[in-house]
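Note sheet for the following structure.
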Amino acid sequence: MRPSIAALLLTGGLAAAGLSSAAFANTSETTEPEPPQKPASFDQCLKDIEQRAVSEGVSRDTARRVLARAEFLPRVIELDRRQPEFTTTFADYLGRRVSETRIEKGREMLEQHRDLLDRVSRETGVPPAYLVSFWGLETNYGSYFGKMPVPSSLATLACDKRRGTYFSGELVSALKIIDEGAIEPERMEGSWAGAMGHVQFMPSVFLRHATDADNDGRRDLWNSVPDAMMSAGRFLQSMGWDPQYRWGREVLLPEDFDYSLSGQGRLGLARWNQLGVTDVHGNPLAEEPIDAKLVVPAGHRGPAFLAYDNFRVIMGWNRSEYYAIAVGHLADRIAGGGDLKNPPPEDAPALSRNDVIKLQSALNARGYDSGIPDGILGPNTRSAIRRYQANEGLVADGFPGPELLEALGVQPAAS
């Protein structure tokens, strides 16, 4: 999936889109929005990218041949602009990604590719279960890579003003991959944003970290599982994967725990022990010389995790705490671990972007600065939530749960 994709990590309701219900009063006159149109500058944009690619070492024949066939894809612009109306709750996110079917398939893949995965682990330090977990989350173990023609997808985004600079670089990187003979341009398929192969590398990541592990003379992340697994291991290794430790772990918190410590700075395990944090069996944490951040993705009613350095590495692949927890938990389950001791609540509110804007506006109006209301639950908003919760006698977990929303008078659109 990635730039990290998250790299590529929401229109809300009618109000967020600047429309009122009156606009839809006469349903017989309702029309679908027109698809995005090819920019007048598209052809010139591709000529400029061709010159850049040649100046960076791509053969003129490759650049000209591939870009001559690149098309503007309105669907790519639609997907780039479209974001889900409602945010996904942690319970829904984790349940969809760490399913029993995916766990069982992951265990099968672990055994089927044991020799290869052990080799990758020896060379990169990344344990086999984590490699399989990334593979499962990215493409469901190679069952779906995406069907979009990558050169055209990247050309469409490169010649769009919103993120043209970034995607121009990715398109040049894709041309370099084709030029080196890794894959024919007509077979370079992937996601709408240009992520490719078994582990969904963006072209720039491919160039830096793709590896020819099967020694056939090509770095092939589409058809070679050895190349894909070794490349994933090299990428994680480059970001600082520590083979001595796991990603993190679920923990139990005492009843009187100060939840304002969640999502904040990192503390040593000895300090977490002093604060009454235990493993899921109620035992003291190991006295290892490692710092950890406390993460409570569903607030105080859900599971709590201590996240180690490798959690940060996983987020270098995808800048989402939900994703990083899913990778770690799926790896644990594939390796034989059990389900969460404290599963996330199923009744957590799913907030639309407009709901979050209303929440941010309500916080700002009460003197709790969450920044300019943008509908994104980022660090500033969560910090403002914590301050409000602490002052109002609520559990200061920084989570927009039902108690907070009721106190601020925010009624979720989905309720």
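These numbers come from a predicted model, not from an experiment.
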Can you confirm whether Y141 sits close enough to V132 that some side-chain heavy atom of one is under 4.5 Å from a side-chain heavy atom of the other? yes

How about H198 and F145: are their ring centroids closer than 6.0 Å? yes

Could you tell me which residues satisfy side chain to side chain contact (heavy atoms under 4.5 Å, CB included) with E184, sequence neighbours excluded, listed by chain and number? E186, R187

May I ask you to decide whether E104 forms a salt bridge with R333, counting only side-chain N to carboxylate O separations under 4.0 Å? no

Between Y93 and Y322, ring centroids under 6.0 Å: yes

Taking all heavy atoms of M202 and all of A193, pick out the closest pair and write down the distance. CE-O, 3.1 Å

Heavy atoms, side chains only, cut-off 4.5 Å: are V76 and M148 in contact? yes

Ring pair (Phe, Tyr, Trp, His ring centres under 6.0 Å): pairs with one or both residues in residues 110-132, sequence neighbours excluded: H113-W135, Y130-W241

Does atom CZ of R114 have more than 12 heavy-atom neighbours from other groups under 6.0 Å away? yes

Worked verdict on Y388 versus Y368 for ring-ring contact (aromatic ring centres under 6.0 Å, His included): CA-CA 7 Å; Y388 176 84; Y368 298 90; 5.3 Å; yes

Test: D80 and R162 ion pair at under 4.0 Å: yes

Would one find more than 12 heavy atoms of other residues, nucleotides or ligands at under 6.0 Å from atom CZ of R69? no

Quick one: do the D258 and S260 side chains pair a donor with an acceptor below 3.5 Å? yes

Any donor-acceptor pair under 3.5 Å from N310 side chain to V313 backbone: no

Stepwise side-chain hydrogen bond (donor to acceptor under 3.5 Å, both in side chains) check, S370 with N380: CA-CA 5 Å; S370 65; N380 289 340; over 6 Å; no

Just so I know, are the side chains of T278 and L285 near enough to count as touching, which here means a heavy-atom distance under 4.5 Å? no

Quick one: does N140's side chain have a donor or acceptor within less than 3.5 Å of a partner on S143's backbone? no

Nearest 0.5 Å please: distance from the CZ atom of R234 over to the CG atom of D227. 12.0 Å

Go through the steps to decide whether D374 and Q360 satisfy the test side-chain hydrogen bond (donor to acceptor under 3.5 Å, both in side chains), and finish with yes or no. CA-CA 8 Å; D374 59 4; Q360 293 167 326; 3.0 Å; yes

Check: A326 main-chain N/O paired with R97 side-chain donor or acceptor under 3.5 Å: no

Whether the T156 and S153 side chains hold a donor-acceptor pair (N or O, under 3.5 Å, no angle test) is what I'd like checked. no

Using ring centroids (six-membered ring only for Trp), state whether F235 and W317 fall under 6.0 Å. yes

Sidechain-backbone polar pair: D279 side chain, V251 backbone, donor-acceptor under 3.5 Å: no

Do the side-chain N and O atoms of S262 and D397 include a donor-acceptor pair separated by under 3.5 angstrom? no

Only pairs at least two apart or in different chains count here, so list each side chain to side chain donor-acceptor pair (under 3.5 Å) that has a residue in residues 266-277. R266-D309, R271-Q274, N273-E287

S121 side chain to L117 backbone, donor-acceptor under 3.5 Å: no

Without hydrogens or angle criteria, can the side chains of R387 and S383 be said to hold a donor-acceptor pair below 3.5 Å? yes

Step-by-step side-chain hydrogen bond (donor to acceptor under 3.5 Å, both in side chains) determination, T165 to S168: CA-CA 5 Å; T165 300; S168 292; over 6 Å; no

